[in-house]
**Student:** 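First the structure, which I've put down as structure tokens, then a few questions once you've had a look.
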Amino acid sequence: MHILLAASAFNSLTQRVHAELRDRGHSVAVELALPAVSLVEAVDRHRPDLVIAPMLRTPIPREVWSAHTCLIVHPGPVGDRGPSSLDWAVTEDATRWGVTVLQACEEMDAGDVWATADCPLPPVGKSDAYRGEIADAALSAVLTAVERFGRGTYVPERQASGRARPYLRQELRHIDWAKDSTQSVVRALRAADSRPGVLDELLGGQWFLHGGHPEDRLRGRPGELIATRAGAICRATVDGAVWIPELRARRLPGEPAPVKLPATLALGDRLPPLPELPAPPCSDPGADAPRTWSDITYREQGAAGFLTFSFPGGAMSTTQCRRLLAAYREACTRPVSVLVLGGGRDFFSNGIHLGVIEAAADPAEESWANINAMDDLVEAVLTTTDRFVVAALGGNAAAGGAMLALAADEVWCRSGVVLNPHYRLMGLYGSEYWTYTLPRRTGTGVAQRLTADALPISAESARRLGLVDRTIDCAPQEFADETTRLAVRVADSPAILSRIAGKKARRDADESVRPLAAYREAELARMRETFFDPQAPYHALRRAFVRKEPADRTPAHLERTVPGRRTAPLPTRRPRVTGPAVQDRAPGPAGC
């Protein structure tokens, strides 16, 4: 059927629904609910069989829902209503939550229920859970609702009652540093981690605090800053401390919207002299392990090493790229035959840090430094020939972050991952050796289509295209353990040494045909031309993205109807795997 997605933004959930519906043969188009756009006219123009709103902040007009079946995806269980559903769930420390797909009607979130799915709610940030457990539940409920609608006989269930909770305003998120425990502070920060943040006073200014991680070894006077680590600040509570990775200044009247930045960079000269504390030595989690935070960690199990990193929003600044490269080089000195890069539950990477670039004194120079730092990291992965490298994507990846994954020998993805292997929407040609890695996996024609269409693809579709070697069907919380189990098995395989020898031979052969340096030089020539051209669209697109400037219309590539994909494996592509497909599925009950 033809399905129209109505959304306030083409966010992670909307992208996943878009990709998964196309995988199942439906044609899909998107219309953004914007002030200058009439949704009534848009729906009349598309003439859809069904309207789905994966993420919509404004009501669907009566003219639309009275003439078309419109399904709203609400991130809460049946009966839960209001605009801050997930915020309240995290604030109140809920351990289970759910998603309801209901029919639009006069009253918000009160329509008849077409499908619902419940899920666990782990102690992570709201946006992490939204892209993980909530997205899994939402996708399950959406597919059920679409199937029921397609049958034409299903009668949705009326809601007997409901509880409408208000918008979670800043005064309700307020942290009292003189009284609140670490646990309470972390909950408040996690409930607002990506947006809107928690408004607070700090060093004579007003800031939105983004992200929170507990620290139980450091102590200080409640509310004071006591240390820094990798751009984050550590702030004391009454019974411990919390690490806060990012800050965003409060917007002043008449000023552009401030950019969310690493906390130490945002504070700048306001930051007093504080000790920069390295992360503690890596160890396996246990009862005695300290509760602390680090964005890069390394551990080993058997003959497999695991270099895990987690940067807010998946953005990687020049500094973060260089630190990760140093950690990668150190990991390559360890006596392991398999090295897993990634493996966390949220974003793998989205490439260069547009926020840090926008805030730089010279954005062009910072763009150039950042892309070169990304290229250095990708080059290190591509030229690793003495061990088998796996990119493990527990969360989404886009642009240069997707290309970083393709530099590995194999790419393993959680089944709920969405990939955006393109740069065009930011006005960039792209680098990270994509002109080498993408065509060698998909073929030139598919590579050109992926980068030109600039549409999200599901993990399963990526596997069929050759971008991904293995999909792992598990819940987000299980991905690290599943990856560990598989990596150890690969490292113990009798064939691992021959596979390493084979990859070295292939790399040498490719180098003799065209050196890696030639790919980098050609890509960077295009990127440099864009970065240092003040009139290049990249600068306005970057500014609009990081400052959350609203669009004036739905982008043409989303507005057009995209036909459903074929689901059979491409005849010219043989999936490369490290073991039987049956072992890809996690044991026990499936995730939500």
Side-chain angles (χ1 to χ4, degrees), residues 5 9-12 14-23 25-32 46 349-352 354 371 374-375 378 396-407 411 413 417-468 519-520 522-531 533 536-542 544-545 551 553-567 570 572-573:
L5 303 183
F10 198 51
N11 72 336
S12 60
T14 308
Q15 290 179 28
R16 185 166 175 193
V17 171
H18 189 283
E20 299 269 7
L21 287 175
R22 284 154 47 214
D23 281 357
H26 302 288
S27 65
V28 185
V30 178
E31 278 292 339
L32 299 183
H46 284 281
S349 171
N350 286 325
I352 60 177
L354 299 176
I371 199 63
M374 279 291 299
D375 279 8
V378 174
N396 301 345
M403 305 312 169
L404 169 61
L406 298 188
V411 179
C413 274
V417 162
V418 174
L419 298 175
N420 279 278
H422 53 80
Y423 303 83
R424 182 172 66 84
L425 302 181
M426 200 50 61
L428 295 173
Y429 177 74
S431 194
E432 293 96 3
Y433 297 89
W434 77 267
T435 52
Y436 169 64
T437 59
L438 188 57
R440 74 171 178 168
R441 279 182 164 269
T442 67
T444 303
V446 174
Q448 290 175 342
R449 176 172 61 81
L450 289 172
T451 53
D453 288 352
L455 291 172
I457 58 175
S458 68
E460 179 56 28
S461 180
R463 188 193 64 79
R464 292 197 302 268
L465 292 172
L467 285 171
V468 168
Y519 291 96
R520 178 169 179 163
E523 292 170 0
L524 287 180
R526 301 279 294 269
M527 294 290 273
R528 183 177 180 86
E529 182 179 350
T530 298
F531 289 155
D533 176 6
Y538 159 72
H539 301 288
L541 291 168
R542 181 194 68 238
F545 178 79
R553 58 157 295 170
T554 301
H557 76 291
L558 297 181
E559 188 179 34
R560 69 181 177 87
T561 298
V562 183
R565 298 191 189 92
R566 59 180 297 170
T567 57
L570 298 178
T572 58
R573 292 281 150 196

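This structure is a prediction, so every number in the text was calculated from the model and none was measured. Any value given below was found using the heavy atoms of this structure, including those in side chains, with hydrogens, waters and symmetry copies removed.
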**Student:** In terms of ring plane angle, is the pair Tyr436 and Tyr519 parallel, tilted or perpendicular, where the classes change at 30° and 60°?
**Tutor:**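 Aromatic pair Tyr436/Tyr519 classed tilted.
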**Student:** Look up atom NE2 in His539 and atom CE in Met426, then write down how far apart they are to the nearest 0.5 Å.
**Tutor:**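 CE of Met426 is found 12.0 Å from NE2 of His539.
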**Student:** Checking Glu523 now: which residues fulfil side-chain hydrogen bond (donor to acceptor under 3.5 Å, both in side chains) with it, not counting sequence neighbours?
**Tutor:** Ser431, Thr435
**Student:** Can Asn11 and Thr14 be counted as having a side-chain donor-acceptor contact under 3.5 angstrom?
**Tutor:**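 Yes, Thr14 and Asn11 have a side-chain donor paired with an acceptor closer than 3.5 Å.
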**Student:** Run the side-chain contact (heavy atoms from CB on, under 4.5 Å) test on Val411 and Arg441 for me, step by step, so that the C-alpha distance in whole Å, both residues' side-chain angles and the decisive distance to 0.1 Å come before the verdict.
**Tutor:** CA-CA 11 Å; Val411 179; Arg441 279 182 164 269; 3.8 Å; yes
**Student:** Nearest 0.5 Å, what's the CG-NE2 distance between Leu558 and His18?
**Tutor:**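 One gets 6.5 Å once the value is rounded to the nearest 0.5 Å.
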**Student:** Do you know which two heavy atoms are closest between Arg22 and Pro456, and how far apart they sit?
**Tutor:** NH1-O, 3.1 Å
**Student:** Would you mind reporting whether Glu559 and Val30 have side-chain heavy atoms less than 4.5 Å apart?
**Tutor:**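 Sidechains of Glu559 and Val30: no contact.
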**Student:** Using the rule given for side-chain contact (heavy atoms from CB on, under 4.5 Å), can you reason through Tyr429 versus Thr451, listing the C-alpha separation, both sets of side-chain angles and the distance that settles it, and then say yes or no?
**Tutor:** CA-CA 9 Å; Tyr429 177 74; Thr451 53; over 6 Å; no
**Student:** I would like to know whether Val378 and Thr437 meet side-chain contact (heavy atoms from CB on, under 4.5 Å); could you show each step before the answer?
**Tutor:** CA-CA 10 Å; Val378 174; Thr437 59; 5.7 Å; no
**Student:** Considering only NZ, NE, NH1 and NH2 on the basic side and carboxylate oxygens on the acidic side, decide whether Glu460 and Arg463 come within less than 4.0 Å.
**Tutor:** yes
**Student:** Counting only N and O atoms by type, is there a donor-acceptor contact under 3.5 Å from the side chain of Asn396 to the main-chain atoms of Leu419?
**Tutor:**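 Side chain of Asn396 to backbone of Leu419, a donor-acceptor pair under 3.5 Å: no, none is there.
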**Student:** Are the side chains of Arg16 and Ser458 in contact, using a 4.5 Å heavy-atom criterion?
**Tutor:** no
**Student:** side-chain contact (heavy atoms from CB on, under 4.5 Å) for Leu428 and Phe531? Distances and angles first, verdict last.
**Tutor:** CA-CA 9 Å; Leu428 295 173; Phe531 289 155; 3.7 Å; yes
**Student:** First locate atom CD1 of Ile457, then atom CD of Glu20, and finally report the distance between them rounded to the nearest 0.5 Å.
**Tutor:** 11.5 Å
**Student:** Can a donor-acceptor pair be found, under 3.5 Å and without considering hydrogens, that links the side chain of His46 to the backbone of Thr561?
**Tutor:**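 Pair absent, no side-chain N/O of His46 close to backbone of Thr561.
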**Student:** Sequence neighbours excluded, which residues qualify as side-chain contact (heavy atoms from CB on, under 4.5 Å) partners of Ala9?
**Tutor:**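 Applying side-chain contact (heavy atoms from CB on, under 4.5 Å) to Ala9 gives Met55.
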